[in-house]
Amino acid sequence: MLTRRHWLAAALALGLATPALAQDAPAKIPVVASFSILGDFVKEVGGDRVSVSTLVGPNGDAHVFQPSPADAKKVAAAKLVFVNGLGFEGWIDRLVKASGTKAEVVVATAGITPREMAEEEDDHDHKKHADAHDHDHGGTDPHAWQSVDNAEVYVANIRDALIAADPAGKATYEANAAAYTAKLDALDAQVKAAIAAIPAE
């Protein structure tokens with residue numbers, strides 16, 4: 001027969017076991033993404049194994065962003081720093097150097113051939129951001145994530161960088177990347193179907 005003492009002993013045992021279980025949970029990898037869309041990609045692939053901080057928020061403009069000491073602190077504490085590349089973040093090299101971080105800088109657009117901007121489009125972009133520091137795309141469009149095919153390259157690059165930094169999470173990163181890529185494929189199919197359904201004039 002279970003007495004009150006038995007129940008109390010069992011409850012204490014469970015209570016004492018709880019901290020041990022919590023200690024077994026792996027610490028999240030601190031990573032930084034240069035802007036919010038890239039940060040969303042990293043969160044999708046990293047899942048619960050990463051803690052993501054972004055430098056330029058959803059309402060910010062990466063072209064005119066000016067890093068603060070708090071941003072340098074984020075970068076200094078990171079294990080990985082994800083950037084878009086293609087000249088999108090003209091300030092990132094200075095920030096990384098000033099932070100003194102030992103984090104690996106991962107260029108998410110590695111392997112992507114950027115779209116060439118039309119001359120008038122490039123001129124408009126420069127006028128729009130005339131006051132930006134180091135804002136020079138060199139005639140290429142750095143907003144590569146706007147293509148679903150390119151977005152999938154971002155995901156693959158993020159997956160590979162996370163696996164290299166955290167081999168124990170390989171299965172998680174691969175599964176998350178595959179699931180997110182499937183969502184991107186579905187989105188691409190929906191967009192193409194919607195375009196195809198538009199009647200010709």
Joint cluster assignment, Ile195 & Val148, ILVMFWY side-chain distance < 4.5 Å: no
Pairwise side-chain contact, Val153 with Thr109, heavy-atom cut-off 4.5 Å (strictly under): no
Closest contact, heavy atoms only, Pro67 versus Leu95: CB-CD1, 3.8 Å
Flag for Glu152-Thr181: side-chain donor and acceptor within less than 3.5 Å: no
Point-to-point distance, once rounded to the nearest 0.5 Å, from OG of Ser34 to CG of Asp71: 11.5 Å
Which atom of Val50 lies closest to which atom of Tyr173, heavy atoms considered: CG1-OH, 4.1 Å
Lys97 NZ to Ile92 CD1 distance, which is reported to the nearest 0.5 Å: 14.5 Å
Criterion ring-ring contact (aromatic ring centres under 6.0 Å, His included) on Phe88 and Phe35, from CA distance to verdict: CA-CA 10 Å; Phe88 186 66; Phe35 67 111; 4.9 Å; yes
Verdict with reasoning, Val31 to Val42, per side chain to side chain contact (heavy atoms under 4.5 Å, CB included): CA-CA 9 Å; Val31 303; Val42 177; 3.9 Å; yes
Value rounded to 0.5 Å, distance of OG1 in Thr113 from CG in Leu86: 9.5 Å
Test item: Val106 and Val83 side chains (from C-beta on) under 4.5 Å apart, heavy atoms: no
Residue pair Arg159, Val45: steps toward the side chain to side chain contact (heavy atoms under 4.5 Å, CB included) verdict: CA-CA 6 Å; Arg159 176 202 62 206; Val45 179; 4.0 Å; yes
Test side chain to side chain contact (heavy atoms under 4.5 Å, CB included) applied to Asn157 and Phe82, step by step: CA-CA 10 Å; Asn157 287 335; Phe82 289 94; over 6 Å; no
Donor-acceptor contact below 3.5 Å, side chain Asn150 vs main chain Ala144: yes
For the student: nearest non-hydrogen atoms of Trp91 and Ala62, plus distance: NE1-O, 2.8 Å
Residues forming a salt bridge (Lys or Arg N to Asp or Glu O under 4.0 Å) with Asp93, sequence neighbours excluded: none
Sidechain-backbone polar pair: Ser99 side chain, Val96 backbone, donor-acceptor under 3.5 Å: yes
Minimum heavy-atom distance Pro58-Ser36, with the two atoms named: CA-OG, 3.4 Å
Salt bridge (Lys or Arg N to Asp or Glu O under 4.0 Å) contacts touching residues 40-57 (sequence neighbours left out): Arg49-Asp166
Exercise: identify the closest heavy-atom pair between Tyr154 and Trp145: OH-N, 3.4 Å
Donor-acceptor contact present, side-chain Asn84 to main-chain Leu38, <3.5 Å: no
Flag, side chain of Thr101 to backbone of Val75, donor-acceptor distance under 3.5 Å: yes
Reported CD1-to-OG1 distance for the pair Ile112 and Thr140, which is rounded to 0.5 angstrom: 11.5 Å
Contact summary for Val32 and Ala78, nearest pair of heavy atoms: CG2-CB, 3.8 Å
Backbone of Thr54 reached by a side-chain donor or acceptor of Lys74 within 3.5 Å: yes
Results of salt bridge (Lys or Arg N to Asp or Glu O under 4.0 Å) for Glu174 - residues two or more places apart only: Lys170
Separation of Thr172 OG1 from Ile163 CD1 (nearest 0.5 Å): 9.5 Å
Under 3.5 Å: donor-acceptor pair, side chain of Lys79, backbone of Ala165: yes
Point-to-point distance, once rounded to the nearest 0.5 Å, from CG of Asp141 to CD of Gln146: 6.0 Å
